[in-house]
Number of protein chains: 4
Amino acid sequence: MTNRSVIKTGSRRPDARPGEILSAALDLFAERGFAATRMEDVARRAGLSKAGVYLYFPDKTALLKALVNEMAGANVAVARGLVEQHQGAVGPLISTLLVFLARQLRDTRFPELIKVVISESRAYPDVGRIYLEGVISQGLPLFEGLICRGVASGEFREVDAGLAVKAMIAPMLLSAIWKTVMEPLGAEPLDIEALAAQHAETFLRGLAP
Amino acid sequence: MTNRSVIKTGSRRPDARPGEILSAALDLFAERGFAATRMEDVARRAGLSKAGVYLYFPDKTALLKALVNEMAGANVAVARGLVEQHQGAVGPLISTLLVFLARQLRDTRFPELIKVVISESRAYPDVGRIYLEGVISQGLPLFEGLICRGVASGEFREVDAGLAVKAMIAPMLLSAIWKTVMEPLGAEPLDIEALAAQHAETFLRGLAP
Amino acid sequence: MTNRSVIKTGSRRPDARPGEILSAALDLFAERGFAATRMEDVARRAGLSKAGVYLYFPDKTALLKALVNEMAGANVAVARGLVEQHQGAVGPLISTLLVFLARQLRDTRFPELIKVVISESRAYPDVGRIYLEGVISQGLPLFEGLICRGVASGEFREVDAGLAVKAMIAPMLLSAIWKTVMEPLGAEPLDIEALAAQHAETFLRGLAP
Amino acid sequence: MTNRSVIKTGSRRPDARPGEILSAALDLFAERGFAATRMEDVARRAGLSKAGVYLYFPDKTALLKALVNEMAGANVAVARGLVEQHQGAVGPLISTLLVFLARQLRDTRFPELIKVVISESRAYPDVGRIYLEGVISQGLPLFEGLICRGVASGEFREVDAGLAVKAMIAPMLLSAIWKTVMEPLGAEPLDIEALAAQHAETFLRGLAP
DNA sequence: CATGAATGAGGTTTCATTCAT
DNA sequence: AATGAATGAAACCTCATTCAT
């Protein structure tokens, strides 16, 4: 649906090539999974010959790594920005963050990427590691800090921040899985933003002292 | 149930063969993923020749389907039992259910199976469908009924039960992913039961009117 | 010319398969060189499918290694036998050995194998090492011992045994190269046995005190 | 009329380009072998783009042919010079020639070239033919003439000159192979000049009537 | 029931070579 | 003269799957 691949032009601007290839790759990884995507398909969808892809990426996994790097970095950066600029009670910020994430999940191919990472991480640990280091190790402490802040200020009751963060994030993960795994099987679509909103409400109420 | 590979001899009881094969398969699927598991490996671990596996299962995916069927069914059945036997306030039951699930995730290879289903569902929709129909379509309404009961009785505030169920379950999914994807990459282990307990507390508080 | 490959039967005796494959491989390596020989060609000439070869040899290089091992071992063993059984003056033994080698070069595919080893040793050092350890490191000391014996007994004048051995063997190497490299280009055939005989005569005369 | 204006960048002397390329090529052929040397490597080492090489040489084999031509010609020319200027007994001349060759083998990349010719001759018969015609067909008769002279003058006993020449040259071939094949595998270095000297001595003694 | 032997169908990757600029 | 970009053709190797015994 959210297909942004470029099929048409022979790409006058060589600088655009890597991006075109990555876009094609993500399309296909999301559609068929990493293993089932042949380099030739990526190439053709990027308007290139099979060998051409190898001019820009040494490996099939390099495509995946680049995708994870790229998308992961962007999201964490935004979240970090929101957190650092924020002042006052953390509850509203948590709501904002969850809704922001929900929109990302709804509007980008972040869910597909998460799914691919989950799927391929064992076979290609590098991919998992990039995600772990680029997203998990960046994002969780960020949110953990928020919980701690809330606890310290008396806004939240005493909870284990590490666990709380996971409970806070979990519905976003579930949304990604639902969208990429269950919906293609015929499950009814999930309103991710609504889930995020209701979850934020419940979660914050649940943390109230 | 949690049988971890039988190595010994030619297995006196022919009836045990399918189970041995499935056990071997789950071991390997969990360890290396579905795609990276060769039928020959399954066979060898089950103490059988490669061709022997085909006497019991027509297909590689048949192994996966059988595994999903088996384990999914079991868990849902227990949950259904708990729910149906229960009377009175639903809050404690939800706690009980979450902790039960947490223990299942901790003590069985349910997480691995979930991971495999997520990974292979696109390539083998049958597998996904079995899970969807055997677990999701069974479990979610079950829990949804609980939420509705709570709302109806005034125990919970007014919420969208469908969304609430997902928020309720999400940390369990996250736990499965964490255990099977992040921990092998070096992430610190997650205390699933503690997560479930704290989440239950927060979730129920959050639903209080 | 001395083509011994087996094309016909489907090979009732499975034990014969490795040998058949090796024979086919040597035919082709000798004919086209190692790099230009495709596994599929080997397979077809051995009356097997491409994948079938991999049941017996893990690698293309494994074919080469096996060939070197096999043939090298045989020749050294014979030479060693001759040397160990011999008594008396070493001159006649050296003549015998050279003529024996000449006949091997003339009648077997030893020359082709030497040529392949020379050609592929850099790309596949294992192959070279097998030859070095199986032939060179076995054969040279054997012959060196002979020279030393002759020097000690006064049959030969004082010479550097290590160098003498190389001079003694060199025409055999040249013969192998001539046969496999020059003759296919149209060079006139070399009478290896005659070369060996004349060389033995000259060499022994040259070593006389 | 003067020629077109000369483009400045790159090598100052356009005439030097082919030589630079050949030098780079020989370096790499010697180091990794012909097949394993990529045109891109040659280009880079010559300070050129991949396509640039094709401005000077139509083919990968053209590089090899040019190298063989160049080096072969040079050596034969020197040898021919020595032979033609010589008068008197041929024994000393043969010593001189062998030592000259030994030094060439020790100090130039002649050995590598011989090795490459041996290796690639089957796949690229042109290369072999150049060597056959430029070196073998020139050099052998030259030396054969010497032997014949010696026999005619009574300096040598009656021998088959064709065979004698091969025996005379063989240690030089062995040296080349030893240096390029065995030494990289860890075999102990060979003192080529010493081998040539001792061989000359033995060979000439062996030819004495 | 069980297996050893065999295969067909692919997919990734590598390069020599070409061409528009 | 020179090159960056692109490609087509190959070849190795892997496995799920089948079948005669």
Side-chain angles (χ1 to χ4, degrees), chain A residues 10-15 17 35-44 46-63, chain B residues 10-11 14 17 35-44 46-63, chain C residues 10-15 17 35-44 46-63, chain D residues 3-11 14 17 35-43 46-63:
Chain A
S11 157
R12 309 288 165 219
R13 309 145 304 166
D15 297 351
R17 269 286 149 87
T37 298
R38 280 150 45 226
M39 286 299 261
E40 189 164 8
D41 298 335
V42 174
R44 218 185 321 273
L48 213 57
S49 78
K50 199 177 0 171
V53 177
Y54 287 90
L55 292 178
Y56 299 92
F57 297 92
D59 235 335
K60 194 180 172 189
T61 66
L63 293 173
Chain B
S11 148
R17 270 285 151 85
T37 298
R38 281 149 44 219
M39 286 300 260
E40 188 165 8
D41 297 334
V42 174
R44 218 189 318 275
L48 211 56
S49 79
K50 202 185 342 181
V53 177
Y54 286 88
L55 294 175
Y56 299 93
F57 297 92
D59 235 336
K60 195 180 173 188
T61 65
L63 293 172
Chain C
S11 157
R12 307 291 164 220
R13 309 145 304 165
D15 296 352
R17 269 285 149 86
T37 298
R38 280 153 43 229
M39 286 298 263
E40 190 164 8
D41 297 336
V42 174
R44 218 183 322 269
L48 213 56
S49 78
K50 194 179 3 172
V53 177
Y54 287 90
L55 292 177
Y56 299 93
F57 298 92
D59 236 335
K60 194 180 171 186
T61 65
L63 292 173
Chain D
N3 284 333
R4 300 176 177 206
S5 58
V6 175
I7 307 296
K8 33 290 156 171
T9 64
S11 94
R17 269 286 152 85
T37 298
R38 282 149 42 220
M39 285 299 261
E40 188 165 9
D41 297 334
V42 175
L48 210 57
S49 80
K50 202 184 345 180
V53 177
Y54 286 89
L55 294 175
Y56 299 93
F57 298 92
D59 235 336
K60 195 181 173 188
T61 65
L63 293 173

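Here is how names work: the chains are called A, B, and so on, in the same order as the sequence lines, proteins then strands, and each is numbered from 1. These figures come from a predicted structure and were not determined experimentally.
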Extract from the structure each pairing of a protein N or O with an N or O of nucleotides 12-14 of chain F at less than 3.5 Å, listing the distance.
unit_1, atom_1, unit_2, atom_2, d
F/dC12, OP1, C/Thr37, O, 3.4
F/dC12, OP1, C/Lys60, NZ, 3.2
F/dC12, OP2, C/Met39, N, 3.1
F/dC13, OP1, C/Asp59, OD1, 2.7
F/dC13, OP2, C/Tyr54, OH, 3.0
F/dC13, OP2, C/Lys60, N, 3.4
F/dC13, N4, C/Lys50, NZ, 2.9

Between [atom2] on [N] and [atom1] on [X], what's the gap in Å once rounded to a whole number?
X	N	atom1	atom2	result
C/Leu55	E/dT3	CG	C1'	14 Å
C/Asp15	E/dG4	CG	P	14 Å
B/Phe57	E/dA2	CZ	C1'	16 Å

Taking side-chain contact (heavy atoms from CB on, under 4.5 Å) as the definition, give me every residue that meets it alongside [X], ordered by chain and number, with sequence neighbours left out.
X	value
C/Lys50	C/Glu40
B/Phe57	B/Pro18, B/Ile21, B/Leu22, B/Ala62, B/Leu63, B/Ala66
A/Ser49	A/Ala51

Nearest heavy-atom pair of C/Val53 and C/Met39: which atoms, and what distance? CG1-CE, 3.8 Å
Measuring to OP1 and OP2 of E/dA6, would you say a side-chain N or O of C/Tyr56 lies under 4.0 angstrom away? yes
Is any side-chain N or O of A/Arg17 closer than 4.0 Å to OP1 or OP2 of F/dA6? yes
Side chain to side chain contact (heavy atoms under 4.5 Å, CB included) between D/Leu48 and D/Arg17: does it pass, once the steps are laid out? CA-CA 9 Å; D/Leu48 210 57; D/Arg17 269 286 152 85; 2.8 Å; yes
Return the stems involving DNA chain F, sorted by first number, where pairs are Watson-Crick (N1-N3 with N6-O4 or O6-N4) or G-U wobble (N1-O2 and O6-N3), both under 3.5 Å, and runs are 3 or more long. E:2-21 with F:2-21
Out of E/dA2, F/dT7, E/dT7, minimum distance to the side chain of A/Ser49 belongs to F/dT7
Of F/dA2, E/dA2, F/dA6, the nucleotide closest to the side chain of A/Leu48 is F/dA6
